[in-house]
2 protein chains.
Amino acid sequence: MTTRTAAERQADARSAHLVRVAACPANRLLERVGEKWTALVLKELAGGPRRYGDLARTLAGVTPKMLTQTLRRLERDGLVARTVTPAVPVRVEYALTALGQSLMPVLRATADWAERNMDQVEAARRSYDAAQRRSS
Amino acid sequence: MTTRTAAERQADARSAHLVRVAACPANRLLERVGEKWTALVLKELAGGPRRYGDLARTLAGVTPKMLTQTLRRLERDGLVARTVTPAVPVRVEYALTALGQSLMPVLRATADWAERNMDQVEAARRSYDAAQRRSS
DNA sequence: CAGCATCCCTTGAGATACTG
DNA sequence: CAGTATCTCAAGGGATGCTG
């Protein structure tokens, strides 16, 4: 059977594109950095190596689960290095790798834009929402 | 009752920090841009105004729902302008606003880093995953 | 053409409790 | 100290069908 319905061809075009989207480097990076705690953790580590409990205290709203998950993903990506010092009690330090450090200027540029412009974005949101309410 | 348990104080510290996280401009920006289709749509619009159906065809994997949702959010943020030309059939164009255009260099820098370094990230992932399998 | 409405499933993420 | 394990809930995101 080489005949295929239009629906099948369309579905294939979709998933083929989804594969390309997933393969797009910029997208994959943005999805990772866009995760809730990733940017915060990177920002903390930019100041130098930090211990797990130290990070947990600084990012007061993070649960152990999310902190570990975030650090593990960054470690898996090669952006963060995890160092265990066998002692009692155990000492675990997290630090940016060279690759991780090379990312920081990009993050800084993003943060700079945000600080300069997010108030405009906020204003736009308020005006948009107000217009929505009027027309409902 | 002014006495409060440790758990209550901790919960308060958490939510207080969550408010601050949500208020952090850089985080809010990254969460928006990290959404699945946002960066793709911005990239398309960087080349000039585009029609809805045009975008839908170019981003072959997107459903109408997600495309509309993405465009609406960008419009609400003041990054994209929506222009309806009343005709038959209707013609709707989306274009970057000045604010949206000012964001593009930042996105470009991010994309550049990604293109130069995501293969290293990929390699790190493979080696991390291989190490995991060995120890399981 | 440019969507909206509905259903459904997966994932993200928080709370809570326990451990080497 | 530095996690792991389990549960739960809401949100994100996709499929499908309908409409001004």
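Per chain, numbering begins at 1; letters A, B, ... match sequence-line order. Every heavy atom of this structure was used, including side-chain atoms; hydrogens, water molecules and symmetry mates were not.
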Could you tell me how far apart B/E31 (CD) and C/dA13 (C1') are, to the nearest whole angstrom?
11 Å
Would you please test B/E93 and B/R51 for salt bridge (Lys or Arg N to Asp or Glu O under 4.0 Å) and show each step?
CA-CA 4 Å; B/E93 269 198 352; B/R51 296 185 59 177; 6.0 Å; no
Tell me which residues in residues 69-87 of chain A lie within less than 4.0 Å of DNA chain D, going by non-hydrogen atoms.
A/R72, A/R82
What are the residues of residues 35-57 of chain B, sorted by number, that bring a heavy atom to within less than 4.0 Å of DNA chain C?
B/R51, B/Y52, B/G53
Euclidean distance, atom CG of residue B/L67 to atom P of D/dG12 [Å, nearest integer]:
17 Å
State the CZ-CD distance between A/R125 and A/Q120, to the nearest 0.5 angstrom.
13.0 Å
What's the separation between atom CG in B/N27 and atom OG1 in A/T110, rounded to the nearest 0.5 Å?
11.5 Å
Grab the two heavy atoms, one from A/L99 and one from B/W113, that are nearest each other, plus how far apart they are.
O-CZ2, 3.7 Å
Does a side-chain heavy-atom distance below 4.5 Å link A/D129 with A/R126?
no
Report the nucleotide, chosen from D/dA5, D/dG13, D/dG20, that has the shortest atom-to-atom distance to any side-chain atom of B/V90.
D/dG20
Can you measure A/M66 atom CE to C/dG12 atom C1' for me and round it to whole angstrom units?
6 Å
For residues A/V33 and A/L29, determine if any side-chain heavy atom of one lies less than 4.5 Å from a side-chain heavy atom of the other.
yes
Distance check needed: C/dA13 P versus B/N27 CG, whole Å only.
11 Å
If I take atom CD in residue B/Q132 and atom P in nucleotide D/dT4, what distance separates them, rounded to the nearest angstrom?
10 Å
Hey, are A/R28 and A/E31 close enough for a salt bridge, meaning a charged N less than 4.0 Å from a carboxylate O?
no
Enter the distance from A/D77:CG to B/N117:CG here, rounded to the nearest 0.5 Å.
12.0 Å
Report yes if the side chains of B/V41 and B/L67 come closer than 4.5 Å at any heavy-atom pair, otherwise no.
yes
Can you pull out how bent the helix from C/dC1-D/dG20 to C/dG20-D/dC1 is, comparing the axes over its first five and last five pairs, to 10°?
60°
Does a distance-only test, which skips hydrogens and angles, find a donor-acceptor pair under 3.5 Å between the side chain of B/K65 and the base of D/dG13?
yes
From the list D/dG3, C/dG3, D/dG20, which nucleotide is the closest neighbour of the side chain of A/V92?
D/dG3
When you check the gap from the basic side-chain N to the acidic O, do A/R73 and A/E75 get nearer than 4.0 Å?
no
Please tell me if the side chains of B/Y94 and B/P49 come closer than 4.5 Å, counting only heavy atoms from C-beta onward.
no
Could you pick out which residue, A/P89 or A/T68, lies toward the 5' side of DNA chain D when each is mapped onto its nearest nucleotide?
A/P89
